[in-house]
Amino acid sequence: MSDAPTPAAGPLAGVKILDLTRLLPGPMCTLHLADMGADVVKVEDTGAGDYAAAPVRALLNRNKRGLRLDLKHPPARAAFLALVDGADVLVESFRPGVMARLGLGPEVLLRRRPRLVYCSLSGYGQTGPGRDAAGHDLNYCAVAGVADQVGADADTPALPNLPLADLMGGALTAAMAILAALFDAQRSGRGRHLDVAMADGVLAHAVLPLGTLNAHGHTRRAGADHLSGGLACYAQYATRDGRHLAVGALEPKFWAALCTALGRPDLLARHRSGDPATEAATRAELAALFATRTQAEWVAALAGVDACVSPVLRLEESLADPQFLARGMVVRPDSAGVVPPADAARQPPVQFAFPVRMSDFEFRVRRPAPRPGEHGAELLREAGLDPAAIAAALGEPAPPHPVPA
């Protein structure tokens, strides 16, 4: 890892990451690192590889290079070890024990490369009685007590299209751990093994339900806690056209501004009443009121009112929102600094930008998502392999020997 990357190249310039993950959590984690300038090598097997849906794959793997290796094949494993010798981070998301069976477990690789940050990202972690259980986001949220808290009420559980365990419990938790370990490895020369469980990560963020549990001895059912539907001042209301408004008037000043704008000063005293019946009655009155106009009419009527009221937008509307556009959060192929698309499967028509603005660094799409194995020969040459070793590692015919003059 270089000691002084140039600001324009990103704060992680010079960091090399081997990414053996697939689907959503691992690739999202390494996407954030790649966007900050790390050289992320997406290592896929020679079978199914990363079988994420093509539109998702294109979004998650920009700014990375691609390599395909059969790690059960000795020449390919030897080539992978050569890559490890120059790597700062390795991220894998196999079931516990798979990397060890390949001879590539953390104990082996940390002996070989002591400064390596080795991140194992899995559903339930590398230890414990449930470590080998299969699962997806819904399962991790379920066992962590989070799925029970998501929904309008206990009888209507919701399946959000934002996988909480995958993204918050997995991708962001892993990125946080990797960055901390990288910082320490740079100053100490010692790497470490990171055991990140998505179930642990989503459990550790369930702070509001835990607060209720600590205060009352039990959680409230879905839709009944303060921020999940128990308060009339913090809820979503349907408008006449079947759209919704998000009302977040938690503080008295916002509630006062809302009641004044609505011409309902009689509701002022009902703010956060502490009585479920009063909250239900207030909610019913607000619901009837908001149902009298369309969403657009309410947005116009409440423009400039400092009351924490927002339209509930569809994603395609969010992409046209002036705030997100001003922040540069919407990236299109014709945007400045975006690599011209080779095809739609690699460079999607719309992408999100890296969601942090940093001084002396401007995010850009440096390269589209790689085709499986696209940079294999290039990467192995950089690792010092000769043409014969590269061909053997990639399962290709050996190059012809030069004919003597």
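If you read the sequence from its start, that first residue is 1, and numbering goes on from there.
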Run the side chain to side chain contact (heavy atoms under 4.5 Å, CB included) check on Val309 and Trp298 step by step: do they pass?
CA-CA 10 Å; Val309 178; Trp298 278 117; over 6 Å; no
Where do [X] and [Y] come nearest, in terms of heavy atoms and distance?
X	Y	answer
Pro348	Leu59	CG-CD2, 3.5 Å
Leu385	Ala79	CD2-CB, 3.6 Å
Val15	Asp88	CA-OD2, 3.4 Å
Leu167	Leu162	CD1-CD1, 3.8 Å
Ala222	Gln149	CB-C, 4.1 Å
Thr173	Gly201	OG1-CA, 4.2 Å

From [atom1] ([X]) to [atom2] ([Y]), nearest 0.5 Å:
X	Y	atom1	atom2	result
His205	Asp200	NE2	CG	11.5 Å
Arg192	Ile178	CZ	CD1	13.0 Å
Asp35	Gln351	CG	CD	8.5 Å
Gln295	Glu317	CD	CD	6.5 Å
Leu33	Leu182	CG	CG	8.0 Å
Thr212	His218	OG1	NE2	9.0 Å

Could you tabulate the donor-acceptor pairs under 3.5 Å formed by side-chain atoms of residues 90-110, not counting sequence neighbours?
residue, atom, partner, partner atom, Å
Glu92, OE1, Phe94, N, 2.9
Glu92, OE2, Ser120, OG, 2.7
Arg95, NH1, Asp132, O, 3.1

Does the side chain of [Y] come within less than 4.5 Å of [X]'s, by heavy atoms?
X	Y	value
Asp85	Arg112	yes
Met36	Phe354	yes
Lys16	Val41	yes
Phe80	Leu67	no
Val196	Cys119	yes
Leu24	Leu60	yes
Tyr118	Leu194	no
Leu286	Val247	no

A quick test of your reading: do over 12 heavy atoms of other residues, nucleotides or ligands sit less than 6.0 Å from NE2 of His193?
yes
Using only atom types and a distance under 3.5 Å, with no angle test, would you say the side chain of [X] pairs donor to acceptor with the backbone of [Y]?
X	Y	result
Asn61	Pro370	no
His271	Ala249	yes
Thr278	Gly274	no
Arg68	Thr46	yes
Trp255	Leu267	yes
Arg131	Gly125	no
Glu279	Cys233	no
Arg357	Arg327	yes
Asp184	Ala181	no
Ser228	Ala152	no

Start with the C-alpha distance between Asp225 and Thr219, add both sets of side-chain angles, then the distance that settles side chain to side chain contact (heavy atoms under 4.5 Å, CB included), and finish with yes or no.
CA-CA 8 Å; Asp225 220 331; Thr219 56; 5.9 Å; no
Salt bridge present between [X] and [Y] (N-O < 4.0 angstrom):
X	Y	value
Arg367	Glu374	no
Arg366	Asp39	no
Asp266	Arg264	yes

Strictly by modelled atom types, are Ser273 and Asp275 linked by a side-chain donor-acceptor pair under 3.5 Å?
no
For the residue pair Phe290 and Tyr237, categorise the inter-ring angle as parallel (less than 30°), tilted (30 to 60°) or perpendicular (more than 60°).
tilted
Should Thr30 and Lys42 be marked as a side chain to side chain contact (heavy atoms under 4.5 Å, CB included) after you check the CA-CA gap, both sets of side-chain angles, and the distance that decides it?
CA-CA 9 Å; Thr30 57; Lys42 183 172 181 61; over 6 Å; no
Test log, rule side chain to side chain contact (heavy atoms under 4.5 Å, CB included), inputs Thr294 and Val299
CA-CA 9 Å; Thr294 66; Val299 169; over 6 Å; no
Which one of Arg22, Arg371, Arg57 satisfies the salt bridge (charged side-chain N to carboxylate O under 4.0 Å, His left out) criterion with Glu44?
Arg57
